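The basis for the numbers below is simple: all heavy atoms, side chains too, and nothing from hydrogens, waters or symmetry mates. Here, residue 1 is the first one in the sequence, and each next residue gets the next number. Everything quoted here is computed from the prediction, not taken from an experiment.
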Amino acid sequence: EVQLVESGGGSVQAGTSLRLSCVTSGFPFSTYSMTWVRQVPGKGFEWVSSINSMGRNIGYADPVKGRFIVSRDNAKNTVYLRMDSLKPEDAARYYCARGWIEYHSDDGKEYKSLIGSDSWGQGTQVTVSS
């Protein structure tokens, strides 16, 4: 079965760094773009970053541009999100998803249909204290 397992979240101080990982299995990872999305309860979903199958095309949301770096290791079926200079507004649950799934609505409602699907992981929680 398709699995996407996020890890690496935690509670950190503002200005510090974390690296999130999403280890996948059950599908041809090297043929899929991958996406990171974050969710704040009561505020909806926000696209963070996407990377194409070979890692040669990358996109970032404006709030994280210059601070976050997405990468992938196709030999390990894993996509990463390095988060530097973390801010309190970065606190959220971070999910990885299969495909280049980029939406720019205020609440990211388009992502709701992916929850519980085989294109969406369980997420990892990030808390940032000032």
Donor-acceptor pairs under 3.5 Å, side chain of residues 120-130 to any protein atom, not counting sequence neighbours: which ones?
unit_1, atom_1, unit_2, atom_2, d
Thr124, OG1, Gly9, N, 3.0
Gln125, NE2, Ala92, O, 3.4

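- Note: Phe68 and Tyr94 have tilted aromatic rings, judged against thresholds of 30 and 60 degrees for the angle between ring planes.
- Going from atom NZ of Lys112 over to atom CG of Asp107 covers 6.0 Å, rounded to the nearest 0.5 Å.
- Residues Val37 and Ile115 share a single hydrophobic cluster, defined by chaining ILVMFWY side chains whose heavy atoms lie under 4.5 Å apart.
- Gln39 meets the side chain to side chain donor-acceptor pair (under 3.5 Å) test with Tyr95; sequence neighbours excluded.
- A donor-acceptor contact shorter than 3.5 Å links the side chain of Asn74 to the backbone of Ser53.
- Atoms OG1 and CG, on Thr78 and Leu4 in that order, are 10.5 Å from each other to the nearest 0.5 Å.
- The distance from the CD atom of Glu110 to the NE2 atom of His104 is 10.0 Å, given to the nearest 0.5 Å.
- Under the rule for a ring-ring contact (aromatic ring centres under 6.0 Å, His included), the partners of Tyr111 that lie at least two apart in sequence or sit in another chain are Tyr103.
- Between Pro63 and Glu46, some side-chain heavy-atom pair lies under the 4.5 Å cut-off.
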Please step through side-chain contact (heavy atoms from CB on, under 4.5 Å) for the pair Val40 and Glu89, ending with a clear verdict.
CA-CA 10 Å; Val40 178; Glu89 51 262 45; over 6 Å; no

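- Atom CE of residue Met54 and atom OG of residue Ser30 lie 5.0 Å apart, to the nearest 0.5 angstrom.
- Two residues are said to be in side-chain contact when any heavy atoms from C-beta on lie closer than 4.5 Å; Ser71 and Arg82 fail this criterion.
- Under the 4.5 Å side-chain contact rule for hydrophobic residues, Ile51 and Trp100 do not share a cluster.
- A donor-acceptor distance shorter than 3.5 angstrom exists from the side chain of Glu6 to the backbone of Cys96, with no hydrogens or angles considered.
- Proximity of Tyr60 to Arg67: side-chain heavy atoms (C-beta onward) are nowhere separated by under 4.5 Å.
- One hydrophobic cluster, built from ILVMFWY side chains closer than 4.5 Å, holds both Val12 and Val64.
- Taking CZ of Phe45 as the reference point, atom CZ of Arg93 lies at 11.0 Å (rounded to 0.5 Å).
- For the residue pair Ala97 and Ile101, the shortest heavy atom distance occurs at CB-CD1, 4.1 Å.
- Residues passing the salt bridge (Lys or Arg N to Asp or Glu O under 4.0 Å) test with Asp106, sequence neighbours excluded: none.
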Side-chain donor-acceptor contacts of residues 14-24 below 3.5 Å, not counting sequence neighbours, with atom names and distances?
unit_1, atom_1, unit_2, atom_2, d
Thr16, OG1, Gln13, O, 2.6
Ser17, OG, Asp84, OD1, 2.7
Thr24, OG1, Asn77, O, 2.9

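- Under the 3.5 Å distance criterion, the side-chain polar atoms of Asn52 are matched with a main-chain donor or acceptor of Asn57.
- For Lys65 and Asp62, the salt-bridge test passes: some basic side-chain N is under 4.0 Å from an acidic carboxylate O.
- The hydrophobic cluster containing Ile69 also contains Leu81, counting ILVMFWY residues as joined when their side-chain heavy atoms lie under 4.5 angstrom apart, directly or transitively.
- Residue Asp73 comes nearest to Phe29 through the heavy atom pair O-CE2, 4.1 Å, listed as atom of the first residue, atom of the second, then distance.
- By the ring-ring contact (aromatic ring centres under 6.0 Å, His included) test, Tyr32 pairs with Phe27, sequence neighbours left out.
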Full working for side-chain contact (heavy atoms from CB on, under 4.5 Å) between Val70 and Met34:
CA-CA 10 Å; Val70 67; Met34 295 294 293; over 6 Å; no

